[in-house]
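So the structure is just underneath, and the comments pick up after that.
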Amino acid sequence: MKVCIAEKPSVAKDIAEVIGAKQRKDGYYEGNGYQVTWTFGHFCTLKEPHDYTERWKAWRLEDLPMIPPSFGIKLIDNGGVQKQFKVIENLVAGCEEVINCGDAGQEGELIQRWVLLKAKCNVPVKRLWISSLTEEAIKDGFKQLKASEQFNNLYAAGSARAIGDWLLGMNATRLFTKKFGQGKVVLSIGRVQTPTLAMIVQRQKEINAFVSEEYFELKTIYRDTEFTATIDRLRSLEKAEKGLEYLKQHLFEITSFEKKEGKEGNPRLFDLTSLQVEANKKYGYSADETLKYIQNLYEKKFVTYPRVDTTYLSEDLHPKIAGIMEQLTYYSQFTAPILAKPIPKLKTVFDDKKVTDHHAIIPTGVLPVGLSTDEKRVYDLITRRFIAAFYPECKVSNTTVLGKVGQVEFKASGKQILEPGWKELYANDKTEKKEGEEEERIMPVFEVGESGPHEPRVHQGKTSPPKPYTEATLLRAMETAGKQVDDEEVRELMKDNGIGRPSTRANIIETLFKRKYIEKKKKNLFATQTGMDLIDTIQNELLKSAELTGAWERKLRLIEKGEYASDTFKQELIQMVVDLTKEVKSNIGKVITIVNEAPKTEEKPKKEAKPKAPKEAVAIEELKCPKCKEHVLKKGNTAYGCANFKVCGFKVPFEVFGKKLSDKQLADLLSKGKTGKIKGFSVDGKEVEGKLVLDATFEVKVE
C-alpha cells in the first residue's frame with residue numbers, strides 16, 4: 001500500500017478521485033493500492049523554551065540568551081491535529097511507500113517533513129510536485145514522481161529559516177520586553193517583522209519632519225500648448241513676478257522640436273507579490289486578502305500555484321499556451337487575435353533559467369464558476385495579464401518641444417498612443433499617472449525658429465512630503481530590501497535579497513497590525529507611537545536593517561540551492577543573538593508602553609487636513625477646462641476662463657448672482673461641476689440658497 005499525504009482535506013479528495021482511492025475511511029481515502037490522507041496546516045512546531053528546561057518558562061533577563069543544544073519538534077496542542085496525526089502515524093507504520101503530496105514550496109516541504117519525522121517514517125518517500133490541481137496536472141505528476149532526496153536542500157532552508165526565526169524571535173522578544181517593556185507589554189521582535197516596521201517608522205519620521213515650502217514656476221502658453229520654464233523653482237513671489245515682467249517683454253521662440261516613436265513593453269506575468277501589489281492598487285485588497293482569494297482559485301483548479309516569486313514560464317509550457325487560451329471563452333474577443341497565429345516563444349515570457357520551483361501565476365484554462373466578486377476580480381487580473389503578455393507591444397509617439405523667451409528656456413512634452421497593442425485589454429481602466437509622467441496629448445507641429453506672442457503666468461505650488469507606505473508600496477520595498485526600484489529586470493535580480501518570502505510577507509504585515517505597531521488610514525500605513533518607540537529603542541542595526549535582513553534571506557536561498565551550509569547560517573545567528581544580548585543588557589533606553597488611543601490618532605490627520613483647502617484653490621490653474629477638456633484654466637481679473645478663451649469661450653466669474661465665491665467653492669464648481677449649498681444668492685431680486693452647477697451648455701445655474 002502507498003500512502004499519499006496531502007496538505008489539506010480538499011486537496012486529498014481531488015488526488016484520491018484522480019488515482020482511484022474512492023473509498024472514504026476515517027481520516028483518509030482508500031482504493032487502487034493507495035491510501036490518501038491529509039494534514040491541515042502546521043501539525044508540528046519547534047519546541048518552546050520551557051520544553052527544553054523548566055527554567056526557561058519564566059521570562060528573566062539573566063537566562064538570556066536561550067540556545068538549545070539541538071532543536072526538537074513537537075505536535076501542536078490541538079485535539080483535531082492530534083487525532084489526524086494518529087491516523088497518519090498508523091498509515092505510515094503499515095505502508096511500503098509514502099508519497100509526499102504537500103504544498104509544493106518551502107513551507108509545504110517543512111510541514112510534511114516534520115510530520116514524517118514525528119511519525120518515525122522509515123519507508124521510501126517520493127514527492128508529488130505539481131503547479132496546478134487540475135486532473136491533468138495530478139495525473140502527469142503521478143507519472144513523474146520525484147525522489148524525496150531531490151528536495152533535501154529545500155527542507156534544509158525551511159528548517160534553517162524556522163530555527164533562525166526561533167533564535168532571534170524568542171530571545172530578542174524576551175530581551176526587549178524585560179529591558180524596556182512596562183507592565184504586561186510584550187515587545188515583539190522578529191527577523192523580518194522588525195526591519196519591515198523600521199521602514200514604515202523611517203518613512204513616517206520623514207513625513208513628520210517635512211516642512212512644506214511654497215515655490216513658484218514660470219509657465220506660458222504658446223500656440224495652445226503650455227510650456228514650463230526649465231530653471232530651478234523660485235522660492236519668492238518677488239523673483240517670480242520679476243521673471244513674469246521679463247517674459248512679457250519678449251516673444252516665445254521654438255529652439256527644438258523632436259518626435260520619437262517608441263514602444264511600451266508588455267507587463268510581466270504575475271508572481272505573488274506583483275499580484276498583491278496590483279490588487280491593492282486597484283481594489284484596495286490587503287496582501288493577506290489577495291493571498292486568500294488566489295489560494296481559493298488555486299484549490300478550485302482555476303489558476304496555477306500562487307506562492308511563487310518568478311514572472312516567467314518554463315519553456316516546456318509553450319506548446320500548452322494555445323490550449324489554455326482556447327478554453328478562456330469569457331475572453332475570446334481578446335484571445336482570437338493571438339490564436340489566429342502561432343504562439344510566439346517570447347524571451348520575456350519563457351525562460352527556464354528564471355524559473356525555480358514553479359512558474360508565474362497563470363489561468364489553467366478550467367472555466368471558472370461559482371466565484372465570489374473578489375475571486376472574480378483576482379481571476380480577471382491574472383487572466384488579462386496572461387493574455388496581455390502575448391499581445392503586440394504598445395506603440396507610442398513621444399514629443400519634446402524646447403523653446404525660449406529671451407534667455408529663459410522652456411519645455412513641453414506629450415505622448416500619443418499610435419497602436420494600443422496590449423493596452424487594449426485595459427482600455428476601460430483608469431490608469432494612475434506616475435509622478436513626472438507625461439499625460440497623453442497630441443502636440444501641434446512646431447518649426448524650429450518660429451516665434452510669436454505668448455501668455456506667461458506664475459504658477460504657485462507647495463512642496464509635498466514623502467508619501468506614506470501603502471501595502472502595495474510596502475510589499476515592493478520588502479521585495480527589494482527597501483531600495484527604490486522601478487525597473488522590472490533589476491527587481492527580478494534583487495528578489496534573492498528581499499526580506500521575507502512572497503508567501504510570508506502578507507502574514508508579516510498582519511502581525512504588525514495585530515501587535516498595534518502599525519495602523520491603516522484609508523490605504524495608507526502609519527506607525528503607532530508604540531511602533532515608533534520600539535524602533536527608536538533598538539540600537540542594533542542588524543535587527544532593523546532591511547538590507548542586512550535581505551542578506552540573510554539570500555543565504556537561505558543559497559541553502560535552498562545547496563550553495564551554503566545551514567549549520568553555518570545557524571551558527572551566525574547564534575553569534576548574533578549572543579552579541580545582541582550582551583549589548584542590550586548594558587543599554588539604557590526609555591520604557592515603552594502600549595498606546596491605545598485610536599480616536600486621537602484618527603483625529604490627527606483630520607486636523608492636519610484642514611489647511612489643505614487653499615491647496616485646491618491654488619490648483620485651479622492646473623485643472624483642465626471643463627468645456628473643451630484640452631486647455632488649462634487661467635485666472636483673469638474678474639473670472640477663471642479657458643486658456644484658449646477666444647475659441648472655447650468658457651469662463652466662471654469670481655462673483656455669481658451677487659455672491660463672491662470662495663476659492664474652495666470655485667475649485668468645487670470647476671473640478672466637480674457643482675458646489676455644496678451656498679446662502680446669499682440674489683435671483684430675480686430675492687435672496688435664495690442653493691448649489692451652483694454647470695449646466696449642459698457650461699453656464700452657471702443655481703439649483
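FYI, the numbering just counts along the sequence from 1. Values in this document were obtained by computation on a predicted structure and should not be read as measured data.
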Do Met199 and Gln202 touch side chain to side chain, with heavy atoms closer than 4.5 Å? no

Do the side chains of Leu692 and Phe657 get nearer than 4.5 Å, heavy atoms only? yes

Do Leu247 and His454 touch side chain to side chain, with heavy atoms closer than 4.5 Å? yes

First locate atom OG1 of Thr228, then atom NE2 of His459, and finally report the distance between them rounded to the nearest 0.5 Å. 8.5 Å

Chi angles and distances behind the side-chain contact (heavy atoms from CB on, under 4.5 Å) call for Phe227, Lys411: CA-CA 5 Å; Phe227 289 78; Lys411 180 182 176 181; 5.7 Å; no

cation_pi(Arg377, Tyr293) dist<6.0 Å, angle<=45: no

Are the side chains of Ile508 and Met478 in contact, using a 4.5 Å heavy-atom criterion? yes

Ignoring hydrogens and geometry, is there a side-chain-to-backbone donor-acceptor pair from Lys701 to Leu694 under 3.5 Å? no

Any donor and acceptor pair, going by atom type alone, linking the side chain of Arg384 with main-chain N or O of Leu425 inside 3.5 Å? yes

Please report whether the ring centroid of Phe526 lies less than 6.0 Å from that of Tyr469. no

So, the side chain of Thr399 versus the backbone of Ser413: is there a donor-acceptor pair under 3.5 Å, distance only? no

Tyr285 versus Asn280: any side-chain heavy-atom pair under 4.5 Å? no

Hey, what's the ring geometry for Tyr246 with His250, parallel, tilted or perpendicular (30° and 60° as the breaks)? tilted

Asp271 and Ser274: side-chain donor and acceptor closer than 3.5 Å? yes

NZ of Lys627: more than 12 outside heavy atoms within 6.0 angstrom? yes

Could you tell me how the ring of Tyr222 sits relative to the ring of Phe252: parallel (under 30°), tilted (30 to 60°) or perpendicular (over 60°)? parallel

Criterion side-chain hydrogen bond (donor to acceptor under 3.5 Å, both in side chains) against Glu471, the qualifying member of Gln276, Lys520, Arg505, Lys281: Lys520

Side-chain donor or acceptor of Asn266 paired with backbone N/O of Tyr391 under 3.5 Å: yes

Assess the pair Phe270 and Phe386: is the distance between their ring centroids shorter than 6.0 Å? no

Should the heavy atoms of other residues, nucleotides or ligands under 6.0 Å from CD of Glu447 be counted, would the total exceed 12? no

Got a second to check how far Glu689's CD is from Lys677's NZ, nearest 0.5 Å? 5.5 Å

With rounding to the nearest 0.5 Å, note down the distance linking CG in Leu251 to NZ in Lys404. 12.0 Å

